[in-house]
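Before any comments, here is the structure.
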Amino acid sequence: MTPLTERRGTAPGYGGRRLRRSPALRRLVRETRLDPSMLVAPIFVRPGRGVREEIASMPGQNRLSIDQLPETAERLLDSGVGSVLLFGLPESKDADGSGAWDGRGIVQEAIRELRRSAGDVLAIVADVCLCEYTSHGHCGVVRGTSVDNDATLPLLARTARSLVEAGADVVAPSAMMDRQVAAIRESLPDTPVLAYAAKHASAFYGPFREAADSAPAFGDRRDYQMDPANAREAMAEVLADVEEGADMILVKPALPALDLVAAARAITNVPIAAYQVSGEYAAICAAAERGWLDRRAAALESLTAIARAGAGIIVTYFALEAAGWLREERR
Ligand code: PBG
């Protein structure tokens with residue numbers, strides 16, 4: 001690829017402002033276009049009936065009971081967003097996180113309901129991790145004070161299988177165990193895998209852990225999630241996941257890791273996704289509530305930056321809202 005600096009001439013006659021003169025010209029020469037079809041909406045599913053419980057740290061986001069899902073899916077599809085990423089709050093938790101692979105588990109039932117109501121037009125992506133289901137809140141089996149990698153792998157594979165049996169289109173392993181993609185690929189040769197490949201131990205997951213009730217009861221996740229300081233290691237993770245059979249890879253968080261989105265785009269040919277995480281969403285919402293940022297402009301600028309860096313797929317809590325804004329901008 002030609003380096004960006006050589007692409008657009010800075011010849012003597014160059015005048016950047018000529019093409020910025022009107023909205024129509026700016027629109028014509030725009031290099032990055034967002035489309036609702038590239039957005040994935042995360043959904044938190046909880047037990048109960050008729051429940052829409054607002055998540056305090058994520059204004060506009062709710063924990064939904066299963067009966068709320070058909071309407072939610074319909075609104076997303078009407079707006080042009082064709083994919084969801086499911087997270088579950090189980091009825092009860094245990095040390096192994098057995099709720100994750102329960103055939104009648106919360107996400108399995110949610111998948112069935114979405115499939116029944118929305119059919120094939122909705123791409124259902126299911127997060128594969130144990131932290132929402134374990135009593136200790138870690139992403140795998142705890143031995144002593146750390147998470148046992150190889151004891152966790154069969155549980156992740158089992159979880160992925162049960163989510164696919166329920167009707168998930170894509171499984172998205174996010175536990176950051178070594179060889180988790182290989183373990184899932186081996187038991188599900190035909191299932192698309194979206195691998196959270198470069199996932200930092202980030203401070204920006206705070207609101208999610210409140211939303212999904214998945215904060216670790218002791219310690220932190222730094223011995224399995226990546227050090228945010230490391231980019232070369234992130235690329236090693238990306239290449240390993242592709243080699244293990246990942247069909248798409250995900251970088252997370254998004255704005256704090258834009259360089260990794262671009263680097264992942266450059267070193268592989270698989271679709272690249274980025275996750276604009278809960279803390280990125282909450283930060284924009286909080287500043288906007290105080291009148292310090294324009295919510296819509298800040299959200300769209302961030303999403304555009306994530307796409308410009310090379311993400312063709314963006315997981316974002318703004319998905320529905322952004323789709324509406326994009327439609328308005330078309331007029
Ligand atoms: C599960 C998981 C987490 C997120 C997505 N999948 C939490 C974590 O790793 O602590 C965070 C998403 C967000 O912050 O929006 N491991």
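All values reported here derive from a predicted model rather than from experimental measurement. Order of listing sets the numbers, starting from 1, for every ligand and every atom in it.
One N or O on the side chain of D169 and one on the backbone of I124 form a donor-acceptor pair closer than 3.5 Å.
Scanning the protein for heavy atoms near atom 14 (O) of ligand 1, the closest one is S278 OG, 2.7 Å. Of the protein's non-hydrogen atoms, F208 CD1, 3.4 Å is the one closest to atom 12 (C) of ligand 1. At the shortest separation from atom 4 (C) of ligand 1 among protein heavy atoms lies K252 NZ, 2.7 Å. If you check which protein heavy atom lies closest to atom 2 (C) of ligand 1, you get K199 NZ, 3.4 Å. Shortest contact from atom 15 (O) of ligand 1 to any protein heavy atom: Y317 OH, 2.6 Å.
Residue-ligand proximity, R209 to ligand 1, at heavy-atom distances under 4.0 Å covers atoms 8 (C), 10 (O). Taking a cut-off of under 4.0 Å to the non-hydrogen atoms of D127, the atoms of ligand 1 that pass are 6 (N). For ligand 1, the atoms lying closer than 4.0 Å to a non-hydrogen atom of R221 are 8 (C), 9 (O), 10 (O). Distances below 4.0 Å separate heavy atoms of F87 from the following atoms of ligand 1: 5 (C), 6 (N). The S174 neighbourhood of ligand 1 comprises atoms 1 (C), 2 (C), 6 (N), 16 (N), with distances under 4.0 Å to a heavy atom of that residue.
Heavy atoms of Y275 approach ligand 1 to within less than 4.0 angstrom. Contact between Q225 and ligand 1 is present, with at least one heavy atom of the residue lying under 4.0 Å from the ligand. Heavy-atom separations between S214 and ligand 1 are all 4.0 Å or longer.
Of the residues C285, S302, P256, the one that meets the side-chain contact (heavy atoms from CB on, under 4.5 Å) test with E280 is P256. Of the candidates Y205, Y275, F318, Y281 forms a ring pair (Phe, Tyr, Trp, His ring centres under 6.0 Å) with just one, namely F318.
Looking at C131 against ligand 1, only its side chain comes within 4.0 Å, counting heavy atoms.
A salt bridge between D150 and R143 is absent, with no side-chain N of the basic residue lying under 4.0 Å from a carboxylate O of the acidic one. By the 4.0 Å N-to-carboxylate-O rule, E109 lies close enough to R104 to be salt-bridged with it.
Residue I314 is not grouped with residue I272 when hydrophobic side chains (ILVMFWY) are merged at heavy-atom distances under 4.5 angstrom, including chains of intermediate members. Two different hydrophobic clusters hold V261 and V315 under the rule that ILVMFWY side chains link at heavy-atom gaps under 4.5 Å.
Ring orientation note: the planes of F44 and Y317 are close to parallel, at an angle under 30° on the 30°/60° scale.
Figure legend: K252 and F204 shown without cation-pi pairing, the cationic atom not lying both under 6.0 angstrom from the six-membered ring centre and within 45 degrees of its axis.
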